There are 2 protein chains.
Amino acid sequence: MNANGFGTQVKRGVIEFCVLSMLNRREHYGFELVQELSRVDGLLTSEGTIYPLLSRLRRAGLVSPEWRESTSGPPRKYYRLTPEGEHTLDDYRRQWTLIRDAVNTLVSE
Amino acid sequence: MNANGFGTQVKRGVIEFCVLSMLNRREHYGFELVQELSRVDGLLTSEGTIYPLLSRLRRAGLVSPEWRESTSGPPRKYYRLTPEGEHTLDDYRRQWTLIRDAVNTLVSE
DNA sequence: CCCAGTACCTTGTTATGCAAGGTACTGGCT
DNA sequence: AGCCAGTACCTTGCATAACAAGGTACTGGG
């Protein structure tokens, strides 16, 4: 609960920020987000994190989903950012920069 | 719950990292930590965050407290890092660097 | 004499990462 | 035919931590 705790806690909110950014670049479906995030060192995540997150984002009106068939498996639910999602992403970018720089300053001494 | 949510969630764990770093530089008492952290843009925090955090750190053996009199008010509980605390701080530094760089990469496109 | 400041603490609410489990379809191996 | 791994969606329950709000106790100034 300690060795893993730090990563777990910091990821709170950071994951949401990352997902919004990825959806801003191009649309993704949930399973794809899990795989791409897990490939990044330090952001290992799971379906139990991403699917509820996507539901929250949809309920908040930040993303909109669209079912689409796949030739190689079950249908996929693609998500893209809404205008409100873009606005929120801008907000998060500012807050992330603030916090990141604050931490770097406090910690580098 | 959205405008403030991001900051709140990202701070989870980040605050612990900051406190450990500050205690590594020199000993601090709780009220002092609240004031110094609140002076930093983006890390605004409160006693309801810091005191429980210090208790957790003490129970985990990462910090050790020491009461000391003050000439200008109630006695203060000064905390300093234990050797185990220093070890944990090194760990957190590595994890923070990983996550910070991962987020910066994912987000800057 | 009260009120603001310093300094400690706790309780309850809320949010969210994650493990674990469930459904359903496809394709390959034996 | 039978089975298992992979793809893709989802939910429930647990543990954790930030924060608001409230409580205690001492000090010094108006």
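What you see is a predicted model; the values in this text were computed from it and never measured. A, B, ... follow the sequence lines: proteins, then strands. Residue 1 opens every chain.
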Only distances under 3.5 Å count here; give the side-chain donor-acceptor pairs of residues 52-70 of chain B to other protein atoms, sequence neighbours excluded, each with its distance to 0.1 Å.
unit_1	atom_1	unit_2	atom_2	d
B:Ser55	OG	B:Tyr51	O	3.3
B:Arg68	NH1	B:Glu27	OE2	3.0
B:Arg68	NH2	B:Glu27	OE1	3.2
B:Arg68	NH2	B:Glu27	OE2	3.1
B:Ser70	OG	B:Ser72	N	3.1

Discussion item. Check for me, please, whether B:Tyr29 and B:Tyr79 land in the same ILVMFWY cluster - side-chain distances under 4.5 Å, paths through other members count.
Written reply: no

Worksheet entry | Results of side-chain contact (heavy atoms from CB on, under 4.5 Å) for B:Asp90 - residues two or more places apart only | B:Arg93, B:Arg94

Fill in: Non-neighbouring partners of A:Thr45 that pass side-chain contact (heavy atoms from CB on, under 4.5 Å), sequence neighbours left out
A:Ile15, A:Leu37, A:Ser38, A:Thr49, A:Ile50

Worksheet item: B:Arg76 CZ to C:dG5 P: how many Å, rounded?
Response: 17 Å

Item to complete: For A:Leu57 and C:dG17, give me the distance from atom CG to atom C1', rounded to whole Å.
Response: 14 Å

Item to complete: Look at the side-chain N and O atoms of B:Arg56 and state whether any lies under 4.0 Å from the OP1 or OP2 oxygen of D:dA18.
Response: yes

Worksheet item: Which letters describe nucleotides 24-29 of chain D, given B = protein heavy atom under 4.0 Å from base, S = only from sugar-phosphate, - = neither?
Response: ------

Worksheet item: Taking NZ from A:Lys11 and P from D:dA15, how many angstroms apart are they, rounded to a whole number?
Response: 19 Å

Discussion item. Distance check needed: C:dT16 P versus A:Ile50 CD1, whole Å only.
Written reply: 13 Å

Worksheet item: Near DNA chain D, which residues from residues 27-39 of chain A have a heavy atom under 4.0 Å away?
Response: A:Tyr29, A:Gly30, A:Phe31

Response to the item:
Side-chain contact check for A:Thr49: nearest option of C:dA15, C:dT10, C:dG17 is C:dG17

Worksheet item: How long is the gap from SG on B:Cys18 to CG on B:Leu23, to the nearest 0.5 Å?
Response: 11.0 Å

Worksheet, complete the sentence: Scanning both residues in full, the closest heavy-atom pair of B:Asn24 with B:Glu86 reads OD1-CG, 4.0 Å

Practice prompt. Can you measure from CZ (B:Arg100) to CG (A:Asp101) and round to the nearest 0.5 angstrom?
Written response: 9.5 Å

Discussion item. Rounding to an integer number of Å, can you tell me how far A:Gln9 CD sits from D:dA18 P?
Written reply: 7 Å

Response to the item:
A:Leu53 atom CG is separated from C:dG17 atom P, nearest whole Å, by 6 Å

Practice prompt. Examine the base of D:dT16 for any acceptor or donor lying under 3.5 Å from a partner atom in the side chain of B:Arg12, and report the outcome as yes or no.
Written response: yes

Worksheet item: Is B:Val10 reachable from B:Val40 through a run of hydrophobic residues whose side-chain heavy atoms are each under 4.5 Å from the next?
Response: yes

Discussion item. Can you measure A:Phe6 atom CZ to C:dC18 atom P for me and round it to whole angstrom units?
Written reply: 14 Å

Practice prompt. Round to the nearest Å and state the distance from A:Tyr51 atom OH to D:dG13 atom P.
Written response: 21 Å

Worksheet item: Okay, side chain of A:Lys11, backbone of B:Ile99: is any donor-acceptor separation there less than 3.5 Å?
Response: no

Discussion item. Between B:Glu36 and B:Arg26 (salt bridge meaning N to carboxylate O under 4.0 Å), is one present in this structure?
Written reply: yes

Worksheet item: Which ones in residues 40-48 of chain A lie close to DNA chain D, meaning a heavy atom under 4.0 Å from one of its atoms?
Response: A:Glu47, A:Gly48

Discussion item. In terms of relative ring orientation, are B:Trp96 and B:Phe17 parallel, tilted or perpendicular, with 30° and 60° separating the classes?
Written reply: tilted

Discussion item. Is the shortest side-chain heavy-atom distance between A:Arg80 and A:Tyr78 below 4.5 Å?
Written reply: no

Item to complete: Among D:dT11, C:dG17, C:dC8, find the nucleotide with the atom closest to the side chain of A:Pro52.
Response: D:dT11

